[in-house]
Trainee: 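Before anything else, here's the structure in question.
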Amino acid sequence: MRKKRFSESEPARRRILKALRKIVRKLRHDAVVWMVLGLAAIAAGLCFIVLHVPQQKTAQYYVSLAETASSHNNYNEAITDLEQAYQINEKDSAVIFLLATYQMKLQQPAKAVAILQRILNSAAFNEEEMQKAYEEIIKIYESEEDYAAIHTLLEDSQNDTLMREYAEYLPQTPSFSVAGGDFEDKVSVELKDSSDGTVYYTINGDTPTAKDIKYDNAISLDESGDYLIQAVLINSYGISSDTVSEEYHVVLNLPSAPQVMEKSGNYTQDTMIVAVADAGCTIFYTTDKSTPTMKSEQYVSPISMPYGDSTFRFIAYDSKGNASKITSCSYHLSYLKQITEDQAIAAVISALMQQDVLLDAKGKVRGLDGKNVYVVDSVINVVDSGEYYAISEYHEYNNGSREKTNYMYAVSTQTGAVSRMSYDSSGKYFLVNMAR
């Protein structure tokens, strides 16, 4: 019975095995298909990425593009490419220097400086790179003659090496020979420069500029008062140093102004001018209206008042060299005439008759028709001689015409003394004797 059942189930078993084999074959076929499909999908995805997703470019890639563009003088495009490179690597100083170069090619110095400032404003660059950035900026400022900008750049850098190298753009402040303070004597202040340039100063509280007082000689504080001296040095580039200043409080014990005994006014007779000063003081004076100093004429004795108009200015100095205020006096000396014009003319005719130049008081001349006529031209002062009538000689012909001769005469308004008169190349009159 058991064998029969087994034999009867054999065909069924075989059918099952056959079915299983079929299923396995189908599964194997499907797996291959799915694997192929998966690989195809991956390949398609990679192709999509390659074709549609941008690849990341390096900084050197953009530098190469910039160099190509610049070779065709297309600097704007080159700058755009280099900015892309800079965004990728902000620490590449070569890119920054090249950017500045291209900006200068486009005549854009301000933009070039701003680009180079990226190095100065970053801690990512070494000392050599920063030094080069400073030097390139200075070259740009020099080309633009913007020396003030160089001065500011150097001061802000606090770079000793750089400041020594470009010292000509950093004028040093002037120095004072005398420090400020309180003084009882006059003060002479010298301003000394320690670098090339011109020193200017003020004493009125204003900040000095090139429009103020140029320093040439020591500043003399010879009057009592408070002084604020401010000074600056301006070099050949027009760059100003820092302003320096000193304050001086001066209280002087000055001598009194000379006292002149003869007051200003009109005088009609010879007068001596007398001046008096404090004990221990020396008086100096001028007669040309200039300011008297210790180099002027020294007063040692009374002075004879000159004829005509004159002005005397007196000053006194004590033993310390302190000067008083100036005393000024003006005079007009004009003598009261003792001789009239007619008397002067008569004196000339009389003197010429005595010399046998004239034959009579009417002016008759030996051997000539007509007569000589004498005319007073003016009243003059002859140095060291006094006041005189200046008289010209004319020859009057019988027809009434007159001709001036080469002779002039001078007659003292005080004594009536007669002299021949002439004058030198400067127009200064002098007297000669009457002999012809």
Side-chain angles (χ1 to χ4, degrees), residues 262-273 285-290 297 301-313 329-436:
E262 288 62 44
K263 306 301 181 183
S264 295
N266 297 319
Y267 290 78
T268 58
Q269 60 184 5
D270 290 332
T271 304
M272 302 303 289
I273 302 171
Y285 69 96
T286 62
T287 57
D288 58 0
K289 299 183 180 181
S290 63
E297 188 75 22
S301 62
I303 305 167
S304 176
M305 184 182 296
Y307 176 84
D309 294 318
S310 60
T311 298
F312 287 79
R313 304 189 77 194
C329 294
S330 296
Y331 305 104
H332 178 77
L333 174 60
S334 178
Y335 301 117
L336 291 175
K337 297 178 178 62
Q338 304 299 317
I339 304 295
T340 66
E341 291 186 4
D342 290 342
Q343 290 172 331
I345 292 173
V348 172
I349 293 173
S350 175
L352 292 174
M353 289 174 62
Q354 292 178 15
Q355 292 186 356
D356 200 30
V357 174
L358 298 179
L359 298 177
D360 56 33
K362 294 182 178 179
K364 180 65 177 177
V365 181
R366 190 183 304 277
L368 293 176
D369 293 334
K371 61 181 179 180
N372 281 357
V373 177
Y374 298 88
V375 178
V376 174
D377 292 329
S378 61
V379 177
I380 62 173
N381 179 60
V382 179
V383 178
D384 298 328
S385 296
E387 185 181 70
Y388 285 79
Y389 290 111
I391 300 175
S392 295
E393 180 183 79
Y394 295 84
H395 185 74
E396 185 178 285
Y397 295 96
N398 291 334
N399 61 8
S401 63
R402 284 186 178 184
E403 181 180 21
K404 190 173 184 178
T405 71
N406 294 325
Y407 294 101
M408 295 182 65
Y409 300 93
V411 178
S412 171
T413 63
Q414 302 298 306
T415 65
V418 180
S419 302
R420 277 194 57 216
M421 185 174 67
S422 187
Y423 51 87
D424 58 23
S425 58
S426 66
K428 184 178 181 180
Y429 289 107
F430 61 90
L431 305 179
V432 294
N433 62 44
M434 283 292 294
R436 287 205 177 191

Trainee: If we ignore angles and hydrogens, is there a donor and acceptor under 3.5 Å between the side chains of Asn381 and Tyr429?
Mentor: no
Trainee: Quick one: OG on Ser330 to CG on Asn266, what's the gap to the nearest 0.5 Å?
Mentor: 11.0 Å
Trainee: Considering all heavy atoms of both residues, which atom of Ala361 and which atom of Met353 are nearest to each other, and what is their separation?
Mentor: N-SD, 3.6 Å
Trainee: Kindly determine whether Val375 and Asp377 satisfy side chain to side chain contact (heavy atoms under 4.5 Å, CB included), including the steps that lead there.
Mentor: CA-CA 6 Å; Val375 178; Asp377 292 329; 4.3 Å; yes
Trainee: Pair Leu359, Val365 - check side chain to side chain contact (heavy atoms under 4.5 Å, CB included), show working.
Mentor: CA-CA 6 Å; Leu359 298 177; Val365 181; over 6 Å; no
Trainee: Enter the distance from Ile303:CD1 to Ser310:OG here, rounded to the nearest 0.5 Å.
Mentor: 10.0 Å
Trainee: Quick one: does Pro306's side chain get under 4.5 Å of Phe312's, heavy atoms only?
Mentor: yes
Trainee: Which atoms form the tightest heavy-atom contact between Arg402 and Tyr394, and what is the distance?
Mentor: CD-CB, 4.5 Å
Trainee: Can you tell me how far NZ of Lys371 sits from NE2 of His395, rounded to the nearest 0.5 angstrom?
Mentor: 10.5 Å
Trainee: To the nearest 0.5 Å, what is the distance between CZ on Arg420 and CG on Asn433?
Mentor: 8.0 Å
Trainee: With rounding to the nearest 0.5 angstrom, report the CD1 to NZ distance, Ile349 to Lys362.
Mentor: 12.0 Å
Trainee: Do the side chain of Tyr388 and the main chain of Met421 share a donor and acceptor less than 3.5 angstrom apart?
Mentor: no
Trainee: Rounded to the nearest 0.5 Å, what's the gap from CD on Gln338 to OG1 on Thr415? Could you check?
Mentor: 10.0 Å
Trainee: Can you tell me which residue among Ile380, Ile345, Val379 is in a side chain to side chain contact (heavy atoms under 4.5 Å, CB included) with Tyr389?
Mentor: Val379
Trainee: Just checking Lys364: does its NZ atom have more than 12 heavy atoms from other residues, nucleotides or ligands closer to it than 6.0 angstrom?
Mentor: yes
Trainee: Between Gly416 and Ala347, what is the shortest heavy-atom contact and its length?
Mentor: O-CB, 4.0 Å
Trainee: Flag the pair Asp356 and Arg366 as a salt bridge only when some basic side-chain nitrogen lies within less than 4.0 angstrom of an acidic carboxylate oxygen.
Mentor: yes
Trainee: Give me the atom names and distance for the closest heavy-atom approach of Ile339 to Ala344.
Mentor: CG2-N, 3.8 Å
Trainee: Does Gln355 reach the main-chain N or O of Met434 with its side chain, forming a donor-acceptor pair under 3.5 Å?
Mentor: yes
Trainee: For Asn399, which residues count as a side-chain hydrogen bond (donor to acceptor under 3.5 Å, both in side chains) partner, sequence neighbours excluded?
Mentor: Ser401
Trainee: Should the pair Tyr407 and Tyr409 be assigned to parallel (<30°), tilted (30 to 60°) or perpendicular (>60°) ring geometry?
Mentor: parallel
Trainee: For Asn398 and Gly370, indicate whether the former's side chain and the latter's backbone hold a donor-acceptor pair under 3.5 Å.
Mentor: yes
Trainee: Using the side chain to side chain contact (heavy atoms under 4.5 Å, CB included) rule, take Glu393 and Tyr374 through it: C-alpha gap first, then chi angles, then the decisive distance, then the call.
Mentor: CA-CA 5 Å; Glu393 180 183 79; Tyr374 298 88; 2.7 Å; yes
Trainee: Is a donor on one side and an acceptor on the other found under 3.5 Å between the side chain of Thr311 and the backbone of Lys289?
Mentor: no
Trainee: Do you know the tightest heavy-atom contact between Ile391 and Val348?
Mentor: CD1-CG2, 3.8 Å
Trainee: Can a donor-acceptor pair be found, under 3.5 Å and without considering hydrogens, that links the side chain of Gln269 to the backbone of Tyr267?
Mentor: no
Trainee: Please evaluate residues Thr340 and Asp342 with respect to the criterion side chain to side chain donor-acceptor pair (under 3.5 Å), reporting the C-alpha separation (whole Å), side-chain torsions for both, the decisive distance (0.1 Å), and the verdict.
Mentor: CA-CA 5 Å; Thr340 66; Asp342 290 342; 5.4 Å; no
Trainee: Can you name the nearest heavy-atom pair linking Ser419 to Val432, along with the distance?
Mentor: CB-O, 3.6 Å
Trainee: Are Glu262 and Cys329 packed together at the side-chain level, in the sense that at least one heavy-atom pair is separated by less than 4.5 angstrom?
Mentor: no
Trainee: Taking ring pair (Phe, Tyr, Trp, His ring centres under 6.0 Å) as the test, write out the residues that go with Tyr285, two or more places apart.
Mentor: Phe314
Trainee: Taking everything shown except Lys337 itself, do over 12 heavy atoms lie less than 6.0 Å from its NZ?
Mentor: yes
Trainee: Ignoring hydrogens and geometry beyond distance, is a side-chain donor-acceptor pair present between His332 and Asp309 at under 3.5 Å?
Mentor: yes
